[in-house]
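Okay, structure first, notes after.
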Amino acid sequence: MLTEVKIHDIRRPGCDLADLRAKLIEDLRRPGSEKQIPSLLLWDEKGQELFADITTAPEYYAYRAELSLLSQRAEGIAESVKPGTVILELGAGNCKKTGVLLQALHRQRKPISYFALDVASDSLIQSLAQMSRFLGKSKYISCQGLLGSYEDCLTFLNEEEGQKLLCIRNRHLLFLWLGNSITNMPWEDSVDIVRRMLWSSNSALLVSVDGNQNPQSIQMAYDMPDGKNRRFLRNGLTHANLLLDEGVFNAGDWDLEAKWYAEDKEHRAYHVAKREISLTVDGNIVQIAKGEKIHAITSAKWTTEEVERLCEAAGVELEHSWIEPVYNFGCYLLGN
């Protein structure tokens, strides 16, 4: 029964804000076009609120396509999940999409232990509270939260404490990774994290991937006329200033470039310097030329072919796929 939801802090000692700050400084000191803002800075409490506004916009097809796919195929997807499975979702996000799947599992009377992972505590608490209301009283589904990053989670699962909490030594573990989030990282990082997730024959990954290749709908979704995407991205600079304890980034000095790169099947967003800028970071000067770009985030668009290539590179199997036909949004089950 879903009553009081527990949140477990699994963040590694010394690997929180200080670690993220060090990563930010390292990325800013990279040469030329390699400079970037860690994408994790986008996902603080304010960032998640701004992104929630994006998902409700009519231009943002990805959310609707994914929800439609999960709603129409929930029963079939749920049939692939074994009773007693531990479902671990990477990024709690909006409960509607996950709730559709959990409701199907409830209807099939499958006992499920659901854990939601997120880096923002308030968002995690809110998401689990919404999930509790969404599911109502269920004797089959239990819900708990994990506070931490992807890396915190994978480290935790390799420790005795993590295996005991999730009871995964003799149970099937299903990672749930929705929202096309797997494509926000470099290809080699995506391969590595899939390989690390599916280290055991008892583990699997259900991942959703946006396969849309239409430049017009992609560009409209990721650079809306009303500026929703830009406000979300600029919040990354605001978060960076808070992390550095100084006004390193002046919003007036930066423009944003959001562009679809068809040859790479990627949409990329950059902060672009309007003038020559000298950033002072911990007493060190970082020179930024006029027009120089700092990478903010990438959203790749993978078809089934790219997912198959990912599986081959990670040494795992593509066991099943469900595809939404309008935007080619896919949900893929990966295993050993």
Side-chain angles (χ1 to χ4, degrees), residues 10-16 19-20 22-27 30 33-43 86-93 115-119 146-159 161-163 166 168 172-211 261 264-269 295-321 330-336:
I10 64 168
R11 292 173 295 185
R12 295 162 293 159
C15 294
D16 45 17
D19 188 61
L20 183 56
K23 173 64 174 169
L24 169 61
I25 293 172
E26 176 189 340
D27 287 348
R30 292 184 178 192
S33 61
E34 295 181 18
K35 289 184 176 64
Q36 62 182 7
I37 301 290
S39 61
L40 193 59
L41 290 179
L42 295 169
W43 302 107
V86 176
I87 296 180
L88 200 169
E89 182 172 14
L90 305 182
F115 289 83
L117 172 77
D118 208 288
V119 295
L146 301 176
L147 180 62
S149 66
Y150 295 163
E151 191 61 39
D152 292 327
C153 180
L154 292 175
T155 300
F156 186 65
L157 292 178
N158 280 324
E159 297 171 349
E161 181 184 1
Q163 294 174 10
L166 275 68
I168 56 174
H172 194 68
L173 173 62
L174 176 65
F175 291 95
L176 183 63
W177 205 358
L178 302 179
N180 196 47
S181 299
I182 190 174
T183 76
N184 295 152
M185 57 183 63
W187 172 265
E188 58 273 15
D189 291 351
S190 299
V191 171
D192 179 66
I193 199 169
V194 168
R195 185 184 293 121
R196 293 170 65 193
M197 285 180 196
L198 305 186
W199 56 274
S200 165
S201 59
N202 284 331
S203 59
L205 167 63
L206 184 65
V207 61
S208 66
V209 175
D210 183 0
Y261 293 82
D264 298 321
K265 297 185 178 180
E266 292 181 349
H267 189 280
R268 302 179 204 140
H295 180 255
I297 193 170
T298 291
S299 179
K301 307 302 173 187
W302 295 349
T303 62
T304 301
E305 182 180 349
E306 278 77 47
V307 176
E308 290 173 341
R309 190 159 61 90
L310 174 80
C311 291
E312 182 179 0
V316 302
E317 298 292 331
L318 175 56
E319 297 182 351
H320 206 100
S321 61
C331 193
Y332 300 90
L333 181 63
L334 280 55
N336 289 294

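Given the structure is predicted, the values throughout are model-derived calculations rather than measurements. Positions are given from 1 along the sequence.
Under the 4.5 Å side-chain criterion, counting only non-hydrogen atoms from C-beta, Leu157 is in contact with Leu166. At least one side-chain heavy atom of Leu206 sits under 4.5 Å from a side-chain heavy atom of Cys331. A 4.5 Å side-chain heavy-atom check between Thr183 and Lys301 finds every atom pair outside the cut-off. Between Ile37 and Leu24 the shortest side-chain heavy-atom distance falls below 4.5 Å. Contact annotation: the side chain of Lys265 never approaches that of Trp302 to less than 4.5 Å [non-hydrogen atoms, C-beta and beyond]. Between Tyr332 and Thr304 the shortest side-chain heavy-atom distance falls below 4.5 Å. Within the 4.5 Å cutoff, the side chain of Leu334 has heavy atoms near those of the Leu318 side chain. Contact annotation: the side chain of Asn336 approaches that of Val316 to within less than 4.5 Å [non-hydrogen atoms, C-beta and beyond].
Within a 6.0 Å sphere centred on CD of Glu305, other residues, nucleotides and ligands contribute 12 heavy atoms or fewer. Environment of CD in Glu161: sparse, with no more than 12 heavy atoms of neighbouring residues, nucleotides or ligands closer than 6.0 Å. Within 6.0 Å of atom CD in Glu159, more than 12 heavy atoms from other residues, nucleotides or ligands are found, so the atom counts as buried in its surroundings. Shown here is Glu317, whose CD atom has no more than 12 heavy atoms of other residues, nucleotides or ligands within 6.0 Å.
Proximity of a side-chain donor or acceptor of Arg195 to a complementary backbone N or O of Ala313 within less than 3.5 Å is detected. Within the 3.5 Å criterion, the main-chain N or O of Thr298 finds a donor-acceptor partner in the side chain of Asn184.
Between His172 and Ala204 the shortest heavy-atom distance is NE2-CB, 3.8 Å. Looking at every heavy atom in both residues, Gly179 comes nearest to Ser208 through N-OG, 2.9 Å.
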* To do: List the steps, then state whether side chain to side chain contact (heavy atoms under 4.5 Å, CB included) holds for Asn202 with Leu173.
  => CA-CA 6 Å; Asn202 284 331; Leu173 173 62; 6.0 Å; no
* Asked: Going through the distances and angles, do Trp177 and Tyr150 end up as a ring pair (Phe, Tyr, Trp, His ring centres under 6.0 Å)?
  -> CA-CA 11 Å; Trp177 205 358; Tyr150 295 163; 5.3 Å; yes
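A donor-acceptor contact closer than 3.5 angstrom is absent between the side chains of Thr155 and Asp152. Between Asn180 and Ser299, the side chains place a donor N or O and an acceptor N or O closer than 3.5 Å (distance only, hydrogens not considered).
Note that the OG1 atom of Thr303 and the CG atom of Asp210 stand 11.0 Å from one another [nearest 0.5 Å]. Between atom CZ of residue Arg268 and atom NE2 of residue His295 there is a gap of 7.0 Å, rounded to the nearest 0.5 Å. How far CH2 of Trp187 is from CG of Leu310: 4.5 Å, rounded to the nearest 0.5 Å. Rounded to the nearest 0.5 Å, atoms OG (Ser203) and CG (Leu88) are 11.5 Å apart. If you take CG on Leu90 and SG on Cys153, they are separated by 6.0 Å, rounding to the nearest 0.5 Å. The line from CG of Asp27 to CD of Glu34 is 10.0 Å long, rounded to the nearest 0.5 Å.
Put simply, the residue from Ile10, Val119, Leu154 that forms a side-chain contact (heavy atoms from CB on, under 4.5 Å) with Ser149 is Val119.
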